[in-house]
**Student:** 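Could you have a look at this structure, given as structure tokens, before my questions?
Worth saying up front: this structure is predicted, and the values here are computed from it rather than measured.
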Amino acid sequence: MFLRVARHTNDLKKIEDFYVNILGFELLGGFDNHNDYDGIFIGKSGLDWHFEFTQSNTKAKHSFDEDDITVLYPKSILDYNELIKKISHQNIETIAAVNPFWNENGTMIQDPDGYRIIISPLKAVISEIE
């Protein structure tokens, strides 16, 4: 099974910058003016999932609550620490999660559309060289 998480946005460029340049995903492809939609595919090469973000003349109406989150698990503690450092250097504000589990086991931020993302070290491998 393959997974695509598709979401409409009002600013495709900001979303691309955030997910590629801040979070470290890859721009896998995209399309222009497909039935009046522009879009990009963001993920990691060779995996069975990716994000699709689209933009059109119809304004996105984001409706979510504080427990709707995407959780990202960096592969190593080094990757986790580098990502948290990058978030800090980009002056991206961290916020408290409603679920206390995530406050103890991750760092919550928001993407440019206001969607909540947890960066968690729970599945990170600690290597001998770190």
Side-chain angles (χ1 to χ4, degrees):
M1 184 177 306
F2 296 93
L3 173 68
R4 174 185 290 174
V5 177
R7 195 175 85 209
H8 200 61
T9 184
N10 293 319
D11 195 331
L12 208 51
K13 287 295 179 200
K14 274 188 181 177
I15 288 292
E16 179 181 344
D17 180 59
F18 181 81
Y19 281 86
V20 173
N21 297 321
I22 305 290
L23 296 182
F25 289 101
E26 301 167 22
L27 179 63
L28 302 174
F31 55 90
D32 292 318
N33 200 23
H34 184 262
N35 295 325
D36 296 323
Y37 281 81
D38 297 335
I40 54 175
F41 304 109
I42 293 175
K44 294 281 188 175
S45 297
L47 298 180
D48 293 338
W49 65 270
H50 64 267
F51 295 108
E52 173 189 34
F53 295 99
T54 61
Q55 185 173 350
S56 70
N57 290 330
T58 303
K59 291 291 181 193
K61 298 176 191 171
H62 302 293
S63 178
F64 46 86
D65 69 31
E66 294 175 337
D67 277 323
D68 293 335
I69 58 175
T70 299
V71 181
L72 303 175
Y73 297 100
K75 289 187 175 187
S76 73
I77 290 297
L78 180 62
D79 292 340
Y80 172 80
N81 290 337
E82 287 297 316
L83 185 51
I84 296 302
K85 187 174 165 183
K86 185 185 285 188
I87 288 167
S88 176
H89 284 136
Q90 293 291 324
N91 296 317
I92 296 171
E93 183 180 346
T94 60
I95 58 176
V98 172
N99 182 336
F101 176 84
W102 291 119
N103 293 322
E104 298 166 9
N105 295 290
T107 301
M108 182 178 274
I109 59 174
Q110 290 178 290
D111 78 5
D113 288 337
Y115 281 85
R116 294 166 185 263
I117 298 170
I118 296 284
I119 313 297
S120 175
L122 287 178
K123 298 184 185 288
V125 174
I126 300 172
S127 74
E128 294 177 18
I129 58 171
E130 291 177 33

**Student:** Tell me every residue that passes side-chain hydrogen bond (donor to acceptor under 3.5 Å, both in side chains) with Asp17, counting only those two or more places apart in sequence or in another chain.
**Tutor:** Asn21

**Student:** Write out all pairs satisfying side chain to side chain donor-acceptor pair (under 3.5 Å) with one or both partners inside residues 28-46, taking only residues at least two apart or from two chains.
**Tutor:** Glu26-Ser45

**Student:** Write out all pairs satisfying salt bridge (charged side-chain N to carboxylate O under 4.0 Å, His left out) with one or both partners inside residues 45-55, taking only residues at least two apart or from two chains.
**Tutor:** Arg4-Glu52

**Student:** Should Ile92 and Val20 be regarded as members of a common hydrophobic cluster, given that ILVMFWY residues are connected when their side-chain heavy atoms come within less than 4.5 Å of each other, either directly or indirectly?
**Tutor:** yes

**Student:** Starting from Ile117, can I reach Val98 by hopping between I/L/V/M/F/W/Y residues whose side chains sit under 4.5 Å apart?
**Tutor:** no

**Student:** With rounding to the nearest 0.5 Å, note down the distance linking CD in Glu93 to CD1 in Ile87.
**Tutor:**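 Taking CD in Glu93 and CD1 in Ile87, the distance rounds to 12.5 Å.
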
**Student:** My understanding is that a hydrophobic cluster links ILVMFWY residues whose side chain heavy atoms are under 4.5 Å apart, including indirect links. Using that, what else belongs to the cluster containing Met108?
**Tutor:** Ile69, Val71, Tyr73, Ile95, Phe101, Trp102, Ile118, Leu122

**Student:** To the nearest 0.5 Å, what is the distance between CD1 (Ile15) and CZ (Phe53)?
**Tutor:** 5.5 Å

**Student:** Could you pull out all residues at least two apart from Thr94 that satisfy side chain to side chain contact (heavy atoms under 4.5 Å, CB included)?
**Tutor:** Thr107, Ile109

**Student:** Where does the angle between the aromatic ring planes of Phe25 and Tyr19 fall among parallel (under 30°), tilted (30 to 60°) and perpendicular (over 60°)?
**Tutor:**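 It falls in the tilted class, 30° to 60°.
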
**Student:** Through direct or indirect side-chain contacts below 4.5 angstrom among Ile, Leu, Val, Met, Phe, Trp and Tyr, which residues connect to Phe64?
**Tutor:**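 Result for Phe64 is Tyr115.
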
**Student:** Nearest 0.5 Å, what's the CG-CG distance between Asn81 and Leu78?
**Tutor:**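 If I round to the nearest 0.5 Å, the distance is 7.0 Å.
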
**Student:** Can you tell me if Thr9 uses its side chain to pair, donor with acceptor, with the backbone of Gln55 under 3.5 Å?
**Tutor:**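 No.
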
**Student:** Please report the closest heavy-atom contact between Ile40 and Glu16, naming both atoms and the distance.
**Tutor:** CD1-CB, 3.6 Å

**Student:** Check salt bridge (charged side-chain N to carboxylate O under 4.0 Å, His left out) between Lys86 and all other residues, then give those that pass, not counting sequence neighbours.
**Tutor:**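 Result, salt bridge (charged side-chain N to carboxylate O under 4.0 Å, His left out) vs Lys86: none returned.
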
**Student:** Please give me the minimum heavy-atom distance between Pro121 and Ile77, naming the atom from each residue.
**Tutor:**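 So the minimum-distance heavy-atom pair works out to CB-CD1, 4.1 Å.
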
**Student:** If you look only at pairs with a residue in residues 55-65, which of them pass as a salt bridge (charged side-chain N to carboxylate O under 4.0 Å, His left out), with sequence neighbours excluded?
**Tutor:**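 The answer is none; no pair qualifies.
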
**Student:** How long is the straight-line distance from CG of Leu47 back to CG of Leu3, given to the nearest 0.5 Å?
**Tutor:** 11.0 Å

**Student:** Going by ring-ring contact (aromatic ring centres under 6.0 Å, His included), name the residues that satisfy it together with Tyr80, two or more places apart in sequence or in a different chain.
**Tutor:**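 For Tyr80, no residue satisfies ring-ring contact (aromatic ring centres under 6.0 Å, His included) once neighbours in sequence are set aside.
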
**Student:** NZ of Lys123 to OG of Ser76: how many Å apart, nearest 0.5 Å?
**Tutor:** 15.0 Å

**Student:** If only atom types and distance count, is the side chain of Asn103 paired as donor or acceptor with the main-chain N or O of Ala96 below 3.5 Å?
**Tutor:**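 Checked: no pair found.
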
**Student:** Please give me the minimum heavy-atom distance between Ile119 and Pro74, naming the atom from each residue.
**Tutor:**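 Closest heavy-atom pair between Ile119 and Pro74: CG2-CG, 3.9 Å.
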
**Student:** Taking all heavy atoms of Phe18 and all of Pro112, pick out the closest pair and write down the distance.
**Tutor:** CG-CD, 3.5 Å

**Student:** Please identify each residue that fulfils side-chain hydrogen bond (donor to acceptor under 3.5 Å, both in side chains) with Thr54, with sequence neighbours left out.
**Tutor:**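 Scan of Thr54 (side-chain hydrogen bond (donor to acceptor under 3.5 Å, both in side chains), adjacent residues dropped) gives His8.
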
**Student:** What pairs meet the salt bridge (charged side-chain N to carboxylate O under 4.0 Å, His left out) rule with one or both residues in residues 99-122, with sequence neighbours excluded?
**Tutor:**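 As it turns out, the salt bridge (charged side-chain N to carboxylate O under 4.0 Å, His left out) pairs with a partner in residues 99-122, which skip direct neighbours, are Arg7-Asp111, Arg7-Asp113, Glu66-Arg116.
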
**Student:** Looking at every heavy atom in both Leu28 and Ile42, which two are closest together, and how far apart are they?
**Tutor:** CD1-C, 4.1 Å

**Student:** Quick one: ring-ring contact (aromatic ring centres under 6.0 Å, His included) partners of Phe41, sequence neighbours excluded?
**Tutor:** Phe31, His50

